Amino acid sequence: KIHQKGFLHRAVHIFIVNSSGRLFCRKRSAKKKIYPGYWSTSVGAHVMSGETYNQVAKQSLESDLGINCKLIFIGKARVRDQYENEISATYVGYSDKTMKLNPQQIEDGKFLTIKEIKRLTKRKNVTPHLAHSLKTYLHYEKSKKHIDNSS
C-alpha cells in the first residue's frame, strides 16, 4: 500500500566490499513485485514502524546474504521515482565471507568494480538505489582518503 500510494517510508541499503575493493551487487528475484530481475545494492530492506535503521541493516544482512560483519553508516538519501518515495540509509561492510544468498530475495550476485557498477547503472535494469548508494559510497571513500592524507 505504501508503494501504491507513494507514501514516504524508510529503507536501508548495504554494500559489502571484499578485500579486492569490489562491491557485491545482487540481482533481485524475478518474483519481486517491484524491480524484478533488476540489479541493486548488496542488501536492501524496508524499515517498519518501531524498527531502527541499524536493526534492520544487521538483520537483513544475515537473512539475505547469510553473513555478519561490522556495518558502517555512511549517509542517507531521498530516493524517488515511479515506485519509490523513501529515505534510504546506506551502510558499508567489509567481508570476504562466503555468502548464502536468500533465493526469495536474490536471483544472482557478484562482486563488481566501481567502473563495472557505473556501466551497469547506465542500463535500464538497475534500481535507483544502486546509483544513489554508489554515490554515497564514493563520497564516503573520498572523505576517508582526505582524512587519511591529512593525518
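Values in this document were obtained by computation on a predicted structure and should not be read as measured data.
- Using a distance-only test at 3.5 Å, with no hydrogens or angles considered, a donor-acceptor pair links the side chain of E107 to the main chain of A30.
- To the nearest 0.5 angstrom, K70 atom NZ is 10.0 Å from Y94 atom OH.
- Within the 4.5 Å cutoff, the side chain of I14 has no heavy atoms near those of the T41 side chain.
- Once rounded to the nearest 0.5 Å, the distance linking CZ of R80 with OG of S88 reads 15.0 Å.
- The shortest distance between side-chain heavy atoms of F15 and I74 does not fall below 4.5 Å.
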Is there a side chain to side chain contact (heavy atoms under 4.5 Å, CB included) between V92 and Y140 once you walk through the steps?
CA-CA 10 Å; V92 63; Y140 167 73; 3.9 Å; yes
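- The two atoms that bring L101 and G109 nearest to each other are CD1-N, 4.1 Å, heavy atoms only.
- Between the S42 side chain and the F24 main chain, a donor and an acceptor come within less than 3.5 Å of each other.
- Residues K110 and R26 form no side-chain contact, since every pair of their non-hydrogen atoms from C-beta on lies 4.5 Å or further apart.
- Note: the hydrophobic cluster containing V12 also contains L8 (ILVMFWY, side chain heavy atoms under 4.5 Å, direct or indirect links).
- Proximity of a side-chain donor or acceptor of K97 to a complementary backbone N or O of N68 within less than 3.5 Å is detected.
- A 4.5 Å side-chain heavy-atom check between Y53 and K76 finds at least one atom pair inside the cut-off.
- Between the side chains of H129 and E86, at least one donor N or O sits under 3.5 Å from an acceptor N or O.
- Each of V17 and L65 belongs to its own hydrophobic cluster when Ile, Leu, Val, Met, Phe, Trp and Tyr are linked at side-chain heavy-atom distances under 4.5 angstrom.
- One finds the CG atom of N18 at 10.0 Å from the CG atom of L112 (value rounded to the nearest 0.5 Å).
- Residues L61 and I16 meet the side-chain proximity criterion, which asks for heavy atoms closer than 4.5 Å.
- L134 has its side chain within reach of I114: a pair of non-hydrogen atoms, C-beta onward, lies under 4.5 Å apart.
- Clustering ILVMFWY residues whenever any of their side-chain heavy atoms sit less than 4.5 angstrom apart, transitively, puts F111 in a cluster other than the one holding I117.
- Judged by distance alone, the side chain of T121 and the main-chain N or O of K118 form a donor-acceptor pair under 3.5 Å.
- Rounding to the nearest 0.5 Å places NZ of K58 at 11.0 Å from SG of C69.
- Listed for the D96 side chain is a donor-acceptor partner under 3.5 Å among the backbone atoms of S19.
- Expressed to the nearest 0.5 Å, how far OG of S63 lies from CD of Q105 amounts to 7.0 Å.
- Of the inter-residue distances, the one linking N125 atom CG with L120 atom CG reads 6.5 Å to the nearest 0.5 angstrom.
- Side-chain atoms of H132 never come within 3.5 Å of backbone atoms of L130 as a donor-acceptor pair (strictly under, hydrogens ignored).
- Put simply, the side chain of N85 gets close to the backbone of G6: a donor and an acceptor are under 3.5 Å apart.
- Linking Ile, Leu, Val, Met, Phe, Trp and Tyr whenever their side-chain heavy atoms come within less than 4.5 Å puts V47 and L71 in one cluster.
- Using a 4.5 Å heavy-atom cutoff, the side chains of S40 and H13 are in contact.
- The backbone N or O of M48 lies less than 3.5 Å from a partner atom in the side chain of E51, making a donor-acceptor pair.
- Residues D64 and I106 have side chains in contact (heavy-atom distance under 4.5 Å, counting atoms from C-beta outward).
- A pairwise comparison of heavy atoms in S95 and I67 identifies OG-CD1, 4.0 Å as the closest pair.
- Listed by first then second residue, pairs satisfying ring-ring contact (aromatic ring centres under 6.0 Å, His included) with a partner in residues 62-88 read Y35-Y83, F73-Y91, not counting sequence neighbours.
- Classification of R22 and E116 as a salt-bridged pair holds, one side-chain N sitting under 4.0 Å from a carboxylate O.
- The closest side-chain donor-acceptor pair between K31 and Q104, if any, does not fall under 3.5 angstrom.
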List the steps, then state whether side chain to side chain contact (heavy atoms under 4.5 Å, CB included) holds for H9 with H46.
CA-CA 8 Å; H9 56 284; H46 288 109; 3.2 Å; yes
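- In this structure, the side chain of E141 does not engage the main chain of L138 through any donor-acceptor pair within 3.5 Å.
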